[in-house]
Protein chains: 2
Amino acid sequence: MTMRKIAESTVRRLSLYLRCLEGFEAQGLDTVSSDVLAARGGTTSAQVRKDLSFFGSFGKRGLGYSVRELEGELRTILGLGRRYRVAVIGAGKIGSALVQYPGFSQRGFDIVAIFDADAQKVGRAWNGLNVRNVRELDQALREEPADIVVIVTPGEVAQSMADRCVALGVKAILNFAPIQLQVPEDVVVKHVNLALEFETLTFALKNR
Amino acid sequence: MTMRKIAESTVRRLSLYLRCLEGFEAQGLDTVSSDVLAARGGTTSAQVRKDLSFFGSFGKRGLGYSVRELEGELRTILGLGRRYRVAVIGAGKIGSALVQYPGFSQRGFDIVAIFDADAQKVGRAWNGLNVRNVRELDQALREEPADIVVIVTPGEVAQSMADRCVALGVKAILNFAPIQLQVPEDVVVKHVNLALEFETLTFALKNR
DNA sequence: GTTTGTGAAACGATTCACAGCT
DNA sequence: AGCTGTGAATCGTTTCACAAAC
């Protein structure tokens with residue numbers, strides 16, 4: 001498959017379509033049209049077809065898409081055909097919520113380590129996983145590499161944690177700290193910033 | 001000020017700039033150039049200037065922007081010159097993390113009520129706030145309206161909660177449930193979907 | 001000399017519209 | 001007849017580049 005550059009917005013929608021298809025399958029549906037999928041996903045049918053067309057043609061003209069089949073295709077496209085090892089840095093509230101969320105491992109993500117700098121938290125067992133001292137981060141990741149690191153630390157230390165991860169060869173970071181991480185371009189970072197979400201809401205509220 | 005339509009991407013960057021400026025102020029900086037702000041925010045100087053230009057001209061040529069002043073302007077633009085009343089539906093892990101996060105009220109958001117359907121949770125005090133039965137939602141929001149509702153329920157009930165909120169006049173929703181909420185167009189919804197963030201990471205990992 | 005503010009150009013994403021398959 | 005797949009057209013966003021201000 002010739003890999004042109006795929007827009008981030010497209011990838012996000014693919015992920016969304018997958019979620020919709022899981023819903024349709026649970027409802028017992030065998031086929032969906034781009035129209036139905038679009039309605040559920042909050043887009044247009046043309047957008048659905050265009051998004052899929054970057055990766056192949058998965059539908060049958062006149063009929064639509066097989067729910068099962070398209071689900072499989074999307075999983076392949078998104079790289080969900082394997083499991084991922086996830087390390088979490090920061091054993092605060094959000095880290096805790098992540099670790100304890102069962103859907104997480106159901107979706108193919110295994111949390112293999114969790115670190116914190118706070119001596120109070122180190123040693124405590126979380127969902128069967130020991131909270132380790134962040135000093136052990138380098139050693140731990142060298143012994144058992146992680147595919148994805150989730151950073152849930154205060155903003156002040158997030159960059160230095162990212163730097164250490166990058167030095168250790170980590171190629172994907174999900175950052176909850178409220179700063180924009182600077183990383184080499186071969187490392188992917190996604191930012192989740194609640195303040196930002198709230199502020200887009202207040203902006204919208206203000207302007208109507 | 002003539003209100004052209006502002007792109008969501010622009011608003012998100014404005015929010016980001018504000019976070020950067022707070023950092024600069026903490027560092028004792030008085031002025032920043034669009035270059036410096038861009039470097040910290042992960043964008044370009046032209047982008048910074050263009051974003052700001054939709055709302056006015058806040059800089060001094062040859063000099064840059066006053067950190068303090070620009071902070072104030074951004075807060076005004078984003079609608080942060082007042083406090084917001086936030087209600088949370090769903091007293092799970094994420095709801096808990098939200099309620100207990102102090103930065104939240106520091107930023108002008110007051111959590112005024114939290115609801116859950118689980119009898120086990122109802123009546124428990126969270127950070128000085130009683131978890132109320134979700135049956136009381138309508139009455140509670142009628143007596144004391146919320147500006148923003150955060151939905152942190154399982155996907156199956158999220159849409160019905162959103163419908164109730166909309167009927168009660170809520171105009172802004174932040175949704176953590178993994179479904180795309182359908183709301184009238186005068187209601188703003190922001191989706192936060194962790195599965196989706198992870199899947200954009202796996203997609204990126206796969207394609208390199 | 002430095003940096004802003006902004007039209008114009010370049011780029012990228014979405015929508016249209018229809019030929020082609022079932 | 002119905003729905004997909006896709007080039008072409010449209011629309012929106014980002015980047016360029018430079019005159020104006022300090």
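Sequence lines set the chain letters: A, B, ... in the order given, protein chains first and strands last, and positions in each chain run from 1.
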Legend entry - Side-chain ion pair, A/R75 and A/E22, N-O less than 4.0 Å: yes
Inset, instruction - Indicate whether any N or O donor in one side chain lies under 3.5 Å from an N or O acceptor in the other, for A/S160 and A/R164. - result: no
Inset, instruction - Specify the closest pair of heavy atoms between A/E144 and A/R85, including all atoms of both residues, with the distance to one decimal. - result: CB-NH2, 3.2 Å
Legend entry - Base-contact (B) and sugar-phosphate-only (S) positions in nucleotides 13-22 of chain D, heavy-atom cut-off under 4.0 Å, - elsewhere: SSB-B-BBBS
Legend entry - Close residues, residues 22-38 of chain A, relative to DNA chain C [heavy-atom separation under 4.0 Å]: none
Inset, instruction - Grab the CG-C1' distance between A/L52 and D/dT6 for me, whole Å please. - result: 13 Å
Legend entry - Note: B/E199-A/R19 ion pair, threshold 4.0 Å (strictly below): yes
Legend entry - Nucleotide D/dT4, atom C1' - distance to CG of A/L70 in whole Å: 12 Å
Legend entry - Contact summary for B/G92 and B/K121, nearest pair of heavy atoms: CA-NZ, 4.2 Å
Inset, instruction - Please name the residue in the list B/D186, B/V188, B/D147 that meets the side-chain contact (heavy atoms from CB on, under 4.5 Å) test with B/K171. - result: B/D186
Inset, instruction - Answer yes or no: does a side-chain N or O of B/Y65 lie under 4.0 Å from OP1 or OP2 of C/dG5? - result: yes
Legend entry - Closest non-hydrogen atom pair between B/V99 and B/N127, with its separation: O-ND2, 3.2 Å
Legend entry - Sequence neighbours excluded, every pair satisfying ring-ring contact (aromatic ring centres under 6.0 Å, His included) that has a member inside residues 66-92 of chain A: A/Y84-A/F109
